[in-house]
Amino acid sequence: MNTIKSTIDELYKNKTKLLFFIVILFISQFAIQYRTAIWPKIYIAITLVILVVLFSCLRLRNSNALAKNTFLLIMCLGTINLLAMPVRQDLDENTHFFNALQIADGKIFTRYTEKEYLSIAPNFLEETKLPSRPEYQSTRNTNLYTKEFLKIRNQKADYSKLKKPALGIANPVYLPSAIGISIGRIISPYFFVSYYLGRFFNLLTFGFMAFCAIKISRKYKLALLFMCTVPYTLWITAGYNYDSFYYGLSLLCMAQLTNIFSKKRLTFRELILYDITCLAFVFCKAPVILLMGIPLFLPKNYFNSTKFKIKSFIISIIGLVLAASWMISGTLVSIFQKSFGRVGVDNTVQTQLTSENRLSYFIAHPISTVEMLMRSLFDVLATIFGSIASPHPFIQYGISAISLINIFIIIIMLLIVSYYLQIEVVRNAKIVIILSVCVITIGMIYAISGDGRVFTIGNLHVPGVQGRYHYYLLGFIPLFLSPVIKKTFSYREEPLSSSKKEEIYSLVFNLALLMVYINTCVGIFGYL
């Protein structure tokens, strides 16, 4: 009874915001081209229910509820996003969807090329042929209002047509999406149900990891909230990709690392958990695994003994060896297959440049290589800025009102978070962090240079180093910005009262909520 009463009270307190957001939602819906169809009405009803749930469950005046509030924000507005975003319109969604489908089919230790899978999977073939503005320059996109999409029924892929399966271990980052697809197939005969459930479980993975990161964080909760609600996160994670896993790992990594910084002590358990978190980056963004080395270069007082420090180095080296083993597993499997007469034939256009070709060219042309690296490194800030300003995949609106709003709110959030941050990072750690970021970025540039679609040997710039690739970098900004902001605004070191703490938490969360909601409305208008 008390729970029901508190829910009603909270909903009443937020009634002004709720009504305001509902009005915005309805106004945006009037611009939808297919507003006379039944699905827009159903979508509006679903959205209104989600908003009521969100605002009735939020506890903005309770600083201890930040993890729960963030989870609710991600899941509620993220669900609205995943239903609004057209089919295959998240970044490289079709490729990621194809990988998730194979796992849902139970193919954990066999892998097929996209073209092979198209020949045996009727659903995937039908889905890839549906209208798409960015892919086929169609006049419309495929979404919840497309009758052809809604009528597709689930059909099993006939793997017997492929006599010699290619060996290979499926990437575990696609497991959440595969679970969603499998549940969808069980509860409904229609393909669109499993499609959207696969997206939902991908979002759920990010939401759960964000919840855990904020929950375990001691003094970095607001900075993690800032990372969680950067506008593009709730659009990217609302589709098929491994970015949701990468973003979640980045949050967990920052939570654990800042716990070590704030406590100024490293225990064996903390080291193991942190190394395991970093090791998991190998499944999505391999260069970021180098963050594993940061604790090793902390001052002596962080370690119990010299023996413990040596142990720490050994554990990290083992982690790097395991990561390298996974990275070369594809090559080893390929050699094994050739030995037994099975070579996985890729019928798709070959777009990967070999490491040997690139390395030999880069070594033979050092001046051009240095220039290429410098140009690409300086491009990182521009791409991060671009991802924040224009967060929606395939909606290009340049520097407009929404871009300015995003940038303004992000700056305000960063200033508040940095000003009240209660963590000091030692000089050694800052140097190692800067070096790690540089090496990771160079690793990403090298990896992307292998994609013949964006880079040709001899170019002086590697495009495609997208801002979302540097998501982990957002976690370090408040640590470096905090001393400058405190000095600029004459910060006085004093403990925060409970009421002041709740005020700050509420302000930052409301800013995040406003920014994410505005971008959700823009997405609804742009996609539907």
Side-chain angles (χ1 to χ4, degrees), residues 43 46-47 49-50 53-54 67-68 70-108 117 121 123-124 127 142-144 149-150 152 154 157 169-215 228 232-252 280 283-285 393 468 471 516 520 523:
Y43 177 76
I46 293 171
T47 302
V49 169
I50 290 172
V53 170
L54 174 62
K68 176 191 166 188
T70 304
F71 178 77
L72 283 169
L73 172 62
I74 290 170
M75 294 311 302
C76 289
L77 293 183
T79 300
I80 295 173
N81 293 351
L82 71 87
L83 290 172
M85 188 160 51
V87 172
R88 302 195 310 278
Q89 208 145 314
D90 207 345
L91 300 170
D92 298 323
E93 186 168 42
N94 222 41
T95 300
H96 295 297
F97 179 49
F98 141 71
N99 283 304
L101 279 173
Q102 289 194 77
I103 298 177
D105 291 341
K107 304 301 176 181
I108 306 296
Y117 193 71
N123 287 152
F124 188 55
E127 182 262 342
T142 298
N143 49 38
L144 279 170
F149 176 54
L150 298 178
I152 296 175
N154 291 324
I169 303 172
N171 195 325
V173 296
Y174 296 114
L175 188 58
S177 295
I179 291 171
I181 291 169
S182 299
I183 292 173
R185 288 172 174 175
I186 293 169
I187 66 174
S188 172
Y190 289 100
F191 175 73
F192 79 91
V193 175
S194 59
Y195 190 91
Y196 285 111
L197 273 178
R199 280 182 170 182
F200 179 81
F201 272 75
N202 208 38
L203 176 71
L204 181 62
T205 301
F206 173 64
F208 177 71
M209 293 170 87
F211 172 85
C212 293
I214 293 176
K215 197 73 177 173
C228 289
Y232 64 79
T233 57
L234 294 193
W235 283 102
I236 303 294
T237 58
Y240 287 93
N241 51 63
Y242 51 61
D243 291 58
S244 57
F245 191 74
Y246 166 49
Y247 294 165
L249 284 178
S250 298
L251 293 168
L252 289 170
F283 299 122
C284 44
K285 288 286 184 287
R468 63 193 177 95
Y471 180 75
V516 173
T520 297

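In this chain, numbering begins with 1 at the start of the sequence shown.
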Taking ring-ring contact (aromatic ring centres under 6.0 Å, His included) as the definition, give me every residue that meets it alongside F211, ordered by chain and number, with sequence neighbours left out.
none

dist L197:CG -> F192:CZ (nearest 0.5 Å) comes out at 10.0 Å

If I take atom CG from residue L72 and atom CD1 from residue I50, how far apart are they, to the nearest 0.5 angstrom?
12.0 Å

Just checking, is any N or O donor in the side chain of H96 or Y242 under 3.5 Å from an acceptor N or O on the other one?
no

In the structure I gave you, are the side-chain heavy atoms of P86 and T142 within less than 4.5 Å of one another anywhere?
no

Of all heavy-atom pairs between F201 and G180, which one has the smallest distance, and what is that distance?
CD1-CA, 3.5 Å

F208 atom CZ: more than 12 heavy-atom contacts under 6.0 Å
no

Contacts of D243 that satisfy salt bridge (Lys or Arg N to Asp or Glu O under 4.0 Å) - sequence neighbours left out
R468

How long is the gap from CG on L77 to OG1 on T520, to the nearest 0.5 Å?
4.5 Å

Determine the minimum heavy-atom distance between C284 and F245, stating which atoms define it.
SG-CD2, 3.9 Å

Angle between ring planes, F97 versus F191, binned at 30° and 60°: parallel, tilted or perpendicular?
perpendicular

For Y190 and L150, what are the C-alpha separation, side-chain angles and deciding distance, and is it a side chain to side chain contact (heavy atoms under 4.5 Å, CB included)?
CA-CA 7 Å; Y190 289 100; L150 298 178; over 6 Å; no

Looking at side-chain heavy atoms only, is the closest gap between Y117 and D105 below 4.5 Å?
yes

With rounding to the nearest 0.5 Å, note down the distance linking CD1 in I108 to CD1 in I103.
5.5 Å

Here the gap from N241 atom CG to N99 atom CG, rounded to the nearest 0.5 Å, amounts to 11.5 Å

Listed once per pair and sorted, the salt bridge (charged side-chain N to carboxylate O under 4.0 Å, His left out) pairs that draw on residues 204-214, sequence neighbours left out:
none

With under 30° as parallel and over 60° as perpendicular, where do the rings of Y247 and Y471 fit, or are they tilted in between?
tilted

Less than 4.5 Å apart, side chain to side chain, heavy atoms only: is that true for F283 and L249?
no

Is it the case that over 12 heavy atoms from other parts of the model lie below 6.0 angstrom from the NZ atom of K215?
no

Contact summary for T233 and C228, nearest pair of heavy atoms:
OG1-O, 2.7 Å

Begin from the C-alpha positions of Y195 and Y240 and carry the test ring pair (Phe, Tyr, Trp, His ring centres under 6.0 Å) through to its verdict.
CA-CA 9 Å; Y195 190 91; Y240 287 93; 5.3 Å; yes

Please list, chain by chain and in numerical order, all residues satisfying ring-ring contact (aromatic ring centres under 6.0 Å, His included) with F200, sequence neighbours excluded.
none

Any salt bridge (charged side-chain N to carboxylate O under 4.0 Å, His left out) pairs touching residues 189-210, not counting sequence neighbours?
E93-R199

Flag side-chain contact, heavy atom, 4.5 Å: N94 against E127
yes

Closest contact, heavy atoms only, S244 versus N202:
OG-OD1, 2.9 Å

For residues 77-86, which residue pairs qualify under salt bridge (charged side-chain N to carboxylate O under 4.0 Å, His left out), counting only residues two or more places apart or in two chains?
none

Would you call F206 and L251 a side-chain contact if the rule is heavy atoms closer than 4.5 Å?
yes

Return the OG to CG distance between S188 and N154, rounded to the nearest 0.5 Å.
6.5 Å

Nearest non-hydrogen partners of D90 and I236, listed with the distance:
OD2-O, 2.7 Å

Any donor-acceptor pair under 3.5 Å linking the side chain of N123 with the backbone of I152?
no

Using every non-hydrogen atom in the two residues, find where I181 and A104 come nearest and quote the distance to one decimal.
CG2-CB, 3.8 Å

